[in-house]
Number of protein chains: 2
Amino acid sequence: MKEAKSSNKRQKLVRAQGVTLWHQIQSVLEKELYDGVYSAGEKLPTEKQLAERFFVNRHTVRQAIAELVRKELIVVEQGRGAFARRDKLDYFLARRVRFRENLLRQQKSPAEELLTHDTVPADLVAAKALCLRPTTLLVRMRSVGSADKHPLCYTTQYFPKERFPDFAEVYAENHSVTATFQAFGIADYTRKSTRIMARGAEAEEVRLLKLRRHAPVMVVESVNVDHDGTPVEYGVCVWAADRIQFVVDADSHDASI
Amino acid sequence: MKEAKSSNKRQKLVRAQGVTLWHQIQSVLEKELYDGVYSAGEKLPTEKQLAERFFVNRHTVRQAIAELVRKELIVVEQGRGAFARRDKLDYFLARRVRFRENLLRQQKSPAEELLTHDTVPADLVAAKALCLRPTTLLVRMRSVGSADKHPLCYTTQYFPKERFPDFAEVYAENHSVTATFQAFGIADYTRKSTRIMARGAEAEEVRLLKLRRHAPVMVVESVNVDHDGTPVEYGVCVWAADRIQFVVDADSHDASI
DNA sequence: GATAATTTGTTCGTATGTATC
DNA sequence: TGATACATACGAACAAATTAT
């Protein structure tokens with residue numbers, strides 16, 4: 001279908017035949033986006049160029065563009081232009097949530113880099129999530145998860161120190177939470193609760209995730225429990241919103257029970 | 001615990017006793033936030049004021065503030081100040097997702113206002129979601145959902161026209177999707193898939209949802225199916241990110257199967 | 001609408017204490 | 001003991017965003 005932007009040549013539209021001009025333009029561009037004429041993240045022609053192509057006023061083009069934005073097919077940035085929507089990674093939230101599995105399923109190469117780790121007394125929020133008394137000691141790890149070398153998320157995880165005294169050290173060797181839990185005799189763990197929210201990125205997140213300033217991030221707060229239902233991990237993960245979407249799928253959920 | 005900000009009086013910290021100054025400040029403020037000294041959305045003292053209160057440099061206060069931001073306990077806006085985090089409504093994503101039920105469970109008064117409705121040919125995305133051929137006619141509705149008169153979300157919903165010819169008219173009377181489906185003989189419908197993403201708000205969303213410019217919004221794309229598994233609704237809902245968080249809970253999920 | 005004041009954000013520099021080799 | 005690296009703490013100046021006048 002990719003025909004080297006031959007579609008950029010000028011083309012007349014049908015006027016006053018029951019379908020508005022902006023809607024015709026919108027349909028043409030939608031088809032081109034769907035056919036991959038503009039690949040993910042690629043810049044579309046400027047409004048002026050599109051106006052010339054379709055022999056219409058710039059405002060008519062703008063209406064078509066506004067509709068494409070509403071349909072989430074493109075994003076527009078003031079002073080930069082309009083861009084084909086980047087394909088977002090599907091991150092499945094099911095009973096079992098595994099970073100590596102999730103990425104491998106999308107043919108992406110996962111990587112987890114441990115930034116820092118220390119031992120801290122549980123604050124009020126973490127204590128509640130893990131069903132422990134405040135000031136109980138926790139192992140805290142901060143790490144960045146990537147797909148194909150592109151940073152995806154910035155995670156802060158807490159593990160009960162008493163049960164997992166050297167969690168961070170074991171994790172540092174195999175770079176996998178699942179494998180580390182297995183080293184501690186936990187063959188399986190499941191997601192007890194997941195909270196998803198969104199906000200603007202902080203300076204540190206901008207740096208670590210290579211974002212534009214104030215870019216939206218999604219924050220996922222989660223608790224994982226072991227076979228007995230005892231909390232083993234509380235995590236807060238900050239995701240680059242332009243690279244990920246979360247999927248809660250009825251089928252995939254059933255399949256993973 | 002609320003003691004009229006008497007805690008705003010100056011207080012000396014312990015220096016050079018193994019605990020850093022910024023961590024002591026962070027702990028004091030965390031406790032105050034937890035005790036409700038600053039209620040939801042309330043402005044905290046300025047950095048200058050906090051620096052005077054604790055007899056430290058502004059940078060030292062900033063470190064404490066950065067930590068509170070990381071813990072999602074406050075939000076900071078340049079030029080405006082730091083604010084205690086607003087309580088977010090929990091919106092549960094389970095097998096059955098019902099706007100009214102979700103809000104009533106949180107003691108909030110739900111309202112759905114229909115803005116516009118029309119009939120449109122299915123675009124490529126909607127057709128795929130509803131398992132129909134493109135250009136199949138769909139009823140499209142746009143509406144704003146509110147909690148206690150505060151706008152929460154801006155929804156665009158599509159229903160197969162053939163099966164639900166006057167969906168919008170029926171909906172206009174009872175202001176409830178569930179009740180409208182019942183009028184069409186669908187006693188029950190379930191969520192087949194849910195996709196959650198985030199981006200900055202568009203101009204129209206800023207107006208309808210009373211947001212600040214470029215405020216983050218969460219976009220939820222969903223498909224609901226009837227008892228036979230046939231898609232009956234495809235919706236795209238834009239949520240004010242500062243007022244909502246989505247919850248995928250293992251327990252509540254089981255309970256609603 | 002223009003201007004000033006306020007508040008947070010960023011970047012210099014300096015000094016100090018602590019941990020490590 | 002010295003050298004080094006790192007986090008903490010303070011100070012000053014300026015940039016950027018918001019609010020008040």
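First the proteins, then the strands, lettered A, B, ... as listed; each starts at 1. Remember, predicted model here, so these are calculated numbers, not experimental data.
- The side chain of B:Asn57 contributes no N or O atom lying less than 4.0 Å from OP1 or OP2 of D:dA9.
- Aromatic ring orientation, A:Phe164 versus A:Phe181: perpendicular (interplanar angle above 60°, classes split at 30° and 60°).
- For DNA chain D, the residues of residues 63-74 of chain B within the heavy-atom distance limit of 4.0 Å (strictly under) are B:Gln63, sorted by number.
- Note that CZ of A:Phe167 and CE of A:Met141 are 5.5 Å apart. Values are rounded to the nearest 0.5 Å.
- Separating the CG atom of B:Leu21 from the C1' atom of D:dA9 is a distance of 7 Å, rounded to the nearest angstrom.
- Whole-Å rounding puts the A:Asp118 CG to C:dA19 P distance at 15 Å.
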What string of B, S and - do you get for nucleotides 13-21 of chain D, 5' to 3', if B is base contact, S is sugar-phosphate-only contact and - is no contact with any protein heavy atom under 4.0 Å? ---BBSS--
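- Using Watson-Crick or G-U wobble geometry with both donor-acceptor distances under 3.5 Å, C:dT11 finds its partner in D:dA12.
- Atom CE of A:Met197 sits about 6.0 Å away from atom NZ of B:Lys88, to the nearest 0.5 Å.
- Here A:Gln245 contributes atom CD and A:Met218 contributes atom CE; the two are 8.0 Å apart, rounded to the nearest 0.5 Å.
- The nearest whole Å value for the distance from the CD atom in B:Glu52 to the P atom in C:dT6 is 13 Å.
- A salt bridge does not link B:Arg195 with A:Glu72: every distance from a Lys NZ or Arg NE/NH1/NH2 to an Asp or Glu carboxylate oxygen is 4.0 Å or more.
- Aromatic rings from A:Phe83 and A:Tyr38 are positioned such that their centres are separated by 6.0 Å or more.
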Give the C-alpha distance, both sets of side-chain angles, the deciding distance and a yes or no for salt bridge (Lys or Arg N to Asp or Glu O under 4.0 Å) between B:Glu52 and B:Lys48. CA-CA 6 Å; B:Glu52 283 168 4; B:Lys48 190 160 165 284; 3.7 Å; yes
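- Remark: B:Thr60 is in phosphate contact with D:dC10, judged by side-chain N or O atoms under 4.0 Å from OP1 or OP2.
- Taking SG of A:Cys153 as the start and CG of A:Leu208 as the end, the distance is 11.0 Å to the nearest 0.5 Å.
- The distance from the CG atom of B:Leu115 to the CZ atom of B:Arg142 is 9.0 Å, given to the nearest 0.5 Å.
- For the pair A:Arg207 CZ and C:dG9 C1', the computed distance is 15 Å after rounding to whole Å.
- One atom, CZ of B:Arg62, and another, P of D:dG11, lie 16 Å apart when rounded to the nearest Å.
- Distance, B:Ile25 CD1 to D:dT8 C1': 12 Å, rounded to whole Å.
- Taking atom CD on B:Glu47 and atom C1' on D:dA12, their separation rounds to 15 Å, with Å as the unit.
- Rounded to whole angstrom, the span from the NZ atom of B:Lys48 across to the P atom of C:dT6 amounts to 9 Å.
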